[in-house]
Each structure stands twice: as C-alpha cells, then as structure tokens.
Amino acid sequence: MDKIFIMNLGTTSFKFKFYAFEGENCDVLATGELESVGAAMSHYEISYPDGRTIVDDTPIADHGAAFAHCFAILQRDGIIRDLDEMSAVGYKAVHGGNLSGTCLVDDALIAEMERVTPLAPAHNPIYLNAMKDIRKRFPGLIQVARFETSFHGSIPEKRVTYGVPYQWKEELGIRRYGFHGSSHQYISQTVARLQPGARRIINCHLGGSSSICAVLDGKSVATSMGATLQSGLFNNNRVGDFEPFCLKPIMEHYGYTLDETLNILSKKSGLLGLSGVSNDLRLVMEAADAGNKNAQLAVDTLCDNILGYIGMYAAYLNGLDALVFTGGIGTNSDVLRKKVCENLSYLGLELDEEKNAQRGDGIISTDTSKVTVWRLKTDEESVVAGCVREFLNAQ
Ligand code: AMP
C-alpha cells in the first residue's frame with residue numbers, strides 16, 4: 001500500500017489530503033486545513049471518512065510545523081503508524097522553471113525553483129520554505145513536487161512564445177508556462193470519462209485565482225496564464241493582462257517604485273481594484289445589484305474577459321464540444337455562467353436556465369445544445385496524488 005500526503009499551501013494556509021493506494025483503489029484517509037499559519041494562534045480542522053472532525057486552535061509557526069502537527073494527529077488517531085509508513089509527501093508546487101511534470105525534491109529542484117522565484121514571488125517561497133523545513137525535520141522522508149505548469153507542456157511553441165527578442169526566451173525562460181495544471185488535467189480527464197466523444201474542451205477554472213485552458217484530445221493546447229500567474233484573466237486581486245508601457249506613467253505620477261507598482265498590480269487590482277468593494281465576487285455582485293457602478297463594471301469586465309478567451313480558444317480548437325465551469329466562482333455563480341453563455345449562441349450553445357440554477361456536478365446545457373456545458377467540482381489533490389504515485393512506481 002502507498003500512503004501519500006498531498007499539500008496545497010497558501011501564504012497563511014495549509015491544506016492537505018492523505019491518500020492510500022492499493023492496486024487500482026484509492027482512498028482518502030484524512031483531509032485537513034490549517035488557517036492563520038504564522039499568526040499567534042492557528043485554527044485547524046481535520047476530517048476522517050467516518051465523519052469524525054477535529055477542530056482546534058494551536059500556535060503553528062510555519063508550514064513545516066503545520067505538517068509536523070498534522071502528522072502527529074494522524075499518528076495519534078491511528079491513521080498512520082510511523083513515518084516509515086508514509087511513502088512520500090507531495091506538493092501541488094507552482095513554478096518549476098525548466099522543470100515540469102513530477103519531480104523528486106532535491107538540491108537541483110530547490111535551486112531551479114529559487115531561480116524562477118521572481119516569476120512566482122507570492123508562491124514559490126512558501127513551497128521552498130516548506131520543502132527545506134520538512135527535509136530538516138524529517139530527513140528520511142521522500143518529497144515529490146508536481147508542478148502546476150505540467151499539464152501545459154503540450155501547448156505548441158507558437159503559443160508559448162512572446163513577441164520579444166528570442167534570446168530572452170533562451171536565456172531567461174521568458175515564455176508562457178501556464179498554471180492550474182492539476183485542475184485543468186482533472187477536468188480534462190473527467191470530461192473524457194463523462195462525455196467520451198468530446199475532443200475539444202474549454203475549461204474555465206474560476207476562483208480565488210482563475211485561468212482558462214483549451215484542451216484537444218486530452219492535451220492542453222492553450223491557456224490564459226503566462227510566464228507568471230499575473231497574466232490572462234484578471235483575478236480577484238490580480239491585474240491579468242496589462243500593458244507594460246503603462247508602468248512608467250503610473251510610477252512617475254504617483255511616485256511609486258517598481259516594486260510598489262507591482263505590489264498594487266498583484267494584490268490590489270483585479271475585482272478588488274476595479275470595484276473598490278472587495279476581492280470576493282459575491283460581494284461585488286451584491287454591490288452591483290445595489291447600484292454601485294464600479295462594481296457593475298468589474299462584473300461586466302470579468303464576464304467579458306472570460307467570453308473573449310472562450311472565443312479565442314474556440315477558434316484555436318476550430319469548434320467546441322464541451323465548456324466547463326469549475327472553481328469557487330465557476331461552480332457557484334449561476335449568474336456569471338449565464339452572463340458568459342448568453343453570447344455563445346454562435347457556437348450553437350444553449351444554456352438550460354433551470355439546470356444552471358441547480359447545484360452539484362452535471363450538465364447545464366439543453367439537450368439540443370451543440371456544445372455540452374458542464375458545472376464540475378475540481379479535485380486538484382487527486383491528480384497530484386496520482387502523479388506522485390506514478391512517480392514512485394517508476395523509481
Ligand atoms: P476557490 O479559490 O476556487 O475556492 O474560489 C473561491 C472564490 O469563489 C472566492 O473568491 C469567492 O468569491 C468565489 N465564490 C464562491 N461562491 C460564489 C458565488 N456564489 N458567487 C460568486 N463567487 C463565489
């Protein structure tokens with residue numbers, strides 16, 4: 001049996017799923033989430049498949065301490081005997097630069113992730129610190145990273161290349177990588193199972209962080225994020241596509257340094273910056289309904305952004321068989337789905353308003369629609385766990 005502990009890390013959050021693989025079988029033994037990592041007191045919840053949930057508060061200094069704490073609880077509750085029983089820990093790691101796919105966490109991997117940290121400054125340091133800390137605390141434990149860029153390795157070169165001097169790509173790796181690979185891979189595999197004839201799929205992963213991916217025959221052929229997680233759709237508080245020649249006038253007018261400007265573009269822009277209300281689409285929609293014009297503009301711009309990418313990707317795919325909405329926004333906002341789908345009748349797409357208003361996984365287009373529209377919950381950790389297991393088996 002392979003027991004694999006998968007981590008999904010945010011600046012102050014630590015989420016995990018603990019898997020057991022036996023032959024073709026895969027069971028989730030525990031799931032957990034710690035909030036306010038690094039604060040004076042962290043809150044955590046750990047759940048087991050039998051319905052038991054442990055909820056408590058304790059100080060957790062960093063992500064390494066979070067892993068040690070969760071491991072101790074799993075051990076206490078009889079989920080795992082000792083560290084030797086854990087086959088590996090796996091990370092839903094973000095930017096691996098020249099490394100892609102599923103890789104052993106070793107010195108070379110750490111060096112490459114450090115090299116490309118300027119391209120993922122909000123994400124890579126969190127993973128690097130956790131990897132180094134867990135290695136120090138548990139030196140014998142195998143650590144494996146599955147990079148979020150991995151699924152996009154199949155995008156044709158012409159679509160990952162920017163119109164910049166070619167040596168920037170060669171020397172600095174300035175090119176499109178794409179992210180949210182685990183989610184796009186999960187959705188692509190799920191649609192392949194649920195709708196076997198669907199060759200051309202567009203997946204809209206819309207949540208705290210958003211991207212769109214075009215999939216042809218199970219392979220990513222285009223995606224909206226680029227060299228960094230900042231480009232493409234504008235996100236809850238990130239800018240998305242933006243004109244680099246605007247940096248100079250902004251800096252000169254407001255007296256900002258480059259770092260200050262980039263900080264605003266990555267933390268105070270997107271839905272939050274545009275609406276001035278919140279980075280939560282629910283609150284922005286509420287404000288828009290109450291007559292706030294900037295909030296309405298933020299909602300309209302986001303929907304229009306999504307629509308534009310779908311149009312571009314339908315052209316790349318030369319048609320469309322399935323359109324999927326996933327992520328917190330994609331699965332929960334019937335209003336957004338309706339607004340986006342309203343302008344897709346040229347593809348023969350017909351949304352079923354009644355089905356769209358419901359919840360849970362399922363088809364939300366009419367029986368006569370030429371494009372099948374899906375509302376599907378994603379499961380990124382299961383993809384990472386499967387990849388880590390495959391990696392271990394291949395050693
Ligand atoms: P995720 O990162 O995929 O967990 O998605 C979280 C995001 O989903 C949050 O930013 C919420 O704003 C958004 N969200 C959740 N429910 C709704 C809803 N009913 N309408 C609009 N946005 C929602």
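As the structure lists them, so they are numbered: ligands from 1, and atoms in each ligand from 1. Count residues from 1 along the sequence. If you're wondering where the values come from, they're calculated on a predicted model, not measured in any experiment.
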Would you say the ring centers of His95 and Phe179 fall short of 6.0 Å from each other?
yes
Atom 12 (O) of ligand 1 has as its nearest protein heavy atom Asp280 OD1, 2.6 Å
What protein heavy atom lies closest to atom 18 (C) of ligand 1? Include the residue and the distance to one decimal.
Arg282 CG, 3.3 Å
Can the ring centroids of Phe67 and Phe5 be said to lie less than 6.0 angstrom from one another?
yes
Numbered in order shown, the ligand 1 atoms found under 4.0 Å of a heavy atom of Asn332 are 15 (C), 16 (N), 17 (C), 18 (C), 19 (N)
Aromatic Tyr177 / basic Arg175 pairing, under 6.0 angstrom, 45° off normal
yes
Nearest non-hydrogen protein atom to atom 14 (N) of ligand 1, with distance, is Gly328 O, 3.7 Å
Of all the non-hydrogen atoms in the protein, which one sits nearest to atom 13 (C) of ligand 1, and at what distance?
Ile329 CG1, 3.5 Å
Mind checking whether Tyr313 and Tyr309 have parallel, tilted or perpendicular rings, split at 30° and 60°?
perpendicular
When you measure from atom 9 (C) of ligand 1 to every protein heavy atom, which one gives the shortest distance, and what is it?
Asn236 ND2, 4.1 Å
For Asp367, I'd like to know if atom CG has over 12 heavy atoms of other residues, nucleotides or ligands within 6.0 Å.
no
Atoms of ligand 1, numbered as shown, that sit under 4.0 Å from any heavy atom of Gly327:
3 (O)
Within the 4.5 Å heavy-atom criterion, are Phe18 and Thr31 side-chain neighbours or not?
no
Report the nearest protein non-hydrogen atom to atom 2 (O) of ligand 1: residue, atom name, distance rounded to 0.1 Å.
Gly208 N, 2.8 Å
